[in-house]
Amino acid sequence: MRIYADNAATTKMSKTAIDAMLPYFDKIYGNPSSLNTTGQIAAEELSLARNKIASLIGAEAREIYFTSGGSEADNQAILSAAKNGLKKNKKHIVSTKFEHHAVLHTLKKLERQGFEITLVDVNEDGIVKAEDVAKAIREDTALVTVMFANNEIGTIQPIGEIGKICREKGVVFHTDAVQAAGHLKIDVNELQVDMLSVSAHKFHGPKGVGFLYCRRGVILSSLIEGGAQERNKRAGTENLAGVWGMCAAMSEAVENIDKNAEILLPLRQKLIDGLSQIPHSKINGDLKKRLPGNVNVCFEGIEGESLLLLLDEKGIEASSGSACTSGSLDPSHVLLSIGLPHDVAHGSLRLTITEENTEEEIDYIIKSVAEVVAYLREISPVWEELTTGKREFIL
């Protein structure tokens, strides 16, 4: 038995998305920028997809810019807002301590260029307070960027409240919605966001394609030069097959949000209840305000890497945090931001399931995790020190 429980890293493409892409490989294969008939047919198809994507989030078609994924969209949004702010002598940006590295590394880059970055603290429950964001905003704030749902612990942020604050203060607001899109309802007008990033492979679409929503009136700068594609904002021939795969996957996901949540919530609760029975463990993040398929847990006295490898031997595929930092030996910055000490953060496990997972699989995961944790603790010198009183338990 193999159980895939790493859907926050990437999802399996749906048959709907695959079928939607096929015509664009050998039938509608033109370059949308070409003036010939084949090219213009492709251009019409690109326009149809843009309109469909826009309708799924309450946007206008001209506010949708296709990208290679969430990281590019994050970079373009943040760097554009910074450039716009610079023109008005605004060199301050507000974000949070547990953003995805696509955001944090871009902010570091801007910091080296003279921008001042304020990273708002995250509560122990993994949720940022809107009032803390409001307090951090200054007269020279060019941008606020706060993720919609955290990629590691799955907690959902008060984006609507933050959007309202930013709109009242006249500050551009961006949200990284990579983990939220397709899993939570999104209406950019209700949320009052100015820019929003999405990546297709997080909701059963293809890898290498995403989009940036940029509200009309916000000036967007190009990251990639060399062509007039995407209304002169993103050079490079559009990935028409990928765009339609994304469009089909997102349409299906949005249509089934409530249905999928009904399937996932009991499975998630069963997983939380079962893993919570393991002594000296802790579920990370608010138990309710989190993505339907996310469970993140720490076990004291073990290393997350060993846990993952042994679970993989048992056929369970999971992760210890963001797939973008899986090669790092440092503990998760997300877990540290919510107050977990290094020793505990090292023993983390992220399980992200979909509506395709079954109750039997959840039972097997709980049983296997308990067995592996027990085994690792038996051979752990740290666990021996904890159980003999040489160290104090934290959890």
Side-chain angles (χ1 to χ4, degrees), residues 1-15 17-18 69-70 100-101 149-154 178-179 182-183 199-208 249 253 260 263-276 278 281-285 290-299 302-332 334-335 345-377:
M1 178 189 289
R2 290 212 70 80
I3 302 172
Y4 185 73
D6 196 20
N7 288 280
T10 196
T11 55
K12 179 179 72 173
M13 275 189 64
S14 67
K15 188 177 185 304
I18 294 170
H100 189 278
H101 281 117
N150 187 266
N151 54 301
E152 291 190 28
I153 58 176
V178 167
Q179 292 292 333
H183 306 288
S199 189
H201 74 106
K202 304 297 188 179
F203 47 79
H204 303 291
K207 298 175 183 64
N260 290 341
I263 296 170
L264 277 170
L265 290 176
L267 294 178
R268 185 189 74 187
Q269 193 58 47
K270 185 180 183 68
L271 193 51
I272 287 175
D273 291 343
L275 296 178
S276 296
I278 299 173
S281 65
K282 181 183 187 299
I283 304 297
N284 299 310
R290 66 191 307 134
L291 292 169
N294 176 287
V295 176
N296 188 296
V297 58
C298 282
F299 304 101
I302 68 167
E303 289 287 336
E305 185 177 359
S306 300
L307 176 61
L308 290 180
L309 293 173
L310 290 176
L311 285 176
D312 195 69
E313 287 184 6
K314 287 178 173 285
I316 298 167
E317 298 175 331
S319 70
S320 59
S322 171
C324 301
T325 57
S326 59
S328 173
L329 295 177
D330 295 329
S332 158
V334 171
L335 299 183
H346 267 300
S348 66
L349 174 68
R350 180 183 70 177
L351 296 158
T352 43
I353 58 175
T354 72
E355 63 282 357
E356 293 184 4
N357 290 109
T358 66
E359 192 168 348
E360 291 72 24
E361 289 178 335
I362 299 302
D363 287 334
Y364 182 72
I365 290 173
I366 294 168
K367 176 177 176 289
S368 299
V369 172
E371 290 172 351
V372 172
V373 168
Y375 168 73
L376 289 173
R377 283 174 171 172

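All values derive from a computational prediction rather than experimental measurement.
- A donor-acceptor contact closer than 3.5 angstrom is absent between the side chains of Asn7 and Thr354.
- Checked against side-chain hydrogen bond (donor to acceptor under 3.5 Å, both in side chains), Asn294 has the following partners two or more places apart in sequence or in another chain: Arg290.
- To the nearest 0.5 Å, atoms OG1 (Thr10) and CZ (Phe203) are separated by 11.0 Å.
- In terms of heavy-atom proximity, Cys298 sits nearest to Leu335 at SG-CD1, 3.8 Å.
- Nearest heavy atom pair, residue Gly285 against residue Ile153, reads CA-CD1, 4.3 Å.
- Across all non-hydrogen atoms, the minimal contact from Ala249 to Ala17 is CB-CB, 4.0 Å.
- Separating the CD1 atom in Ile3 from the CD1 atom in Ile362 is a distance of 7.5 Å, to the nearest 0.5 Å.
- Judged by distance alone, with hydrogens and angles left aside, the side-chain atoms of Gln179 form a donor-acceptor pair with the main-chain N or O of Ala8 at under 3.5 Å.
- Looking at Arg350, its side chain does come within 3.5 Å of a backbone N or O of Asn151 through a donor-acceptor pair.
- The CG atom of Asp363 lies 10.5 Å from the NZ atom of Lys367; values are rounded to the nearest 0.5 Å.
- Judged by distance alone, with hydrogens and angles left aside, the side-chain atoms of Lys202 form no donor-acceptor pair with the main-chain N or O of Thr11 at under 3.5 Å.
- Looking only at side-chain heavy atoms (C-beta outward), Leu291 and Leu264 stay at 4.5 Å or farther from each other.
- Listed for the Ser368 side chain is no donor-acceptor partner under 3.5 Å among the backbone atoms of Ile365.
- In plain terms, the two heavy atoms of Ala200 and Pro206 that are nearest each other are CB-O, 3.4 Å.
- Glu359 pairs by the salt bridge (Lys or Arg N to Asp or Glu O under 4.0 Å) definition with Lys270, not counting sequence neighbours.
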Problem set entry | side chain to side chain contact (heavy atoms under 4.5 Å, CB included) between Lys282 and Val297, worked out | CA-CA 5 Å; Lys282 181 183 187 299; Val297 58; 5.8 Å; no

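- The distance from the CE atom of Met1 to the CD atom of Glu360 is 8.0 Å, given to the nearest 0.5 Å.
- Under the side-chain hydrogen bond (donor to acceptor under 3.5 Å, both in side chains) criterion, Glu355 pairs with no residue at all, not counting sequence neighbours.
- Remark: side-chain polar atoms of His346 are not paired, donor with acceptor, to backbone N or O of Glu303 under 3.5 angstrom.
- The two residues Ser319 and Asp6 have their closest heavy-atom pair at OG-OD1, 3.2 Å.
- Side-chain atoms of Ser199 do not come within 3.5 Å of backbone N or O of Gly69 as any donor-acceptor pair.
- Here the rule is side-chain hydrogen bond (donor to acceptor under 3.5 Å, both in side chains) with Lys12, and of His201, Glu356, His204 only Glu356 fits it.
- Atom CG of Asp312 sits about 11.0 Å away from atom CG of Leu307, to the nearest 0.5 Å.
- Atoms CD1 and OH, from Ile316 and Tyr4 in turn, are 14.5 Å apart once rounded to the nearest 0.5 Å.
- Ser320 contributes no side-chain N or O that, together with a main-chain N or O of Leu349, makes up a donor-acceptor pair within less than 3.5 Å.
- Smallest separation of non-hydrogen atoms from Ile353 and Ala5: CG2-CB, 4.3 Å.
- A side chain to side chain contact (heavy atoms under 4.5 Å, CB included) with Leu310 is found for one member of Val372, Ile302, Val373 and no other, namely Val372.
- With respect to Asp273 and Arg268, no salt bridge is recorded, no charged nitrogen being found less than 4.0 Å from a carboxylate O.
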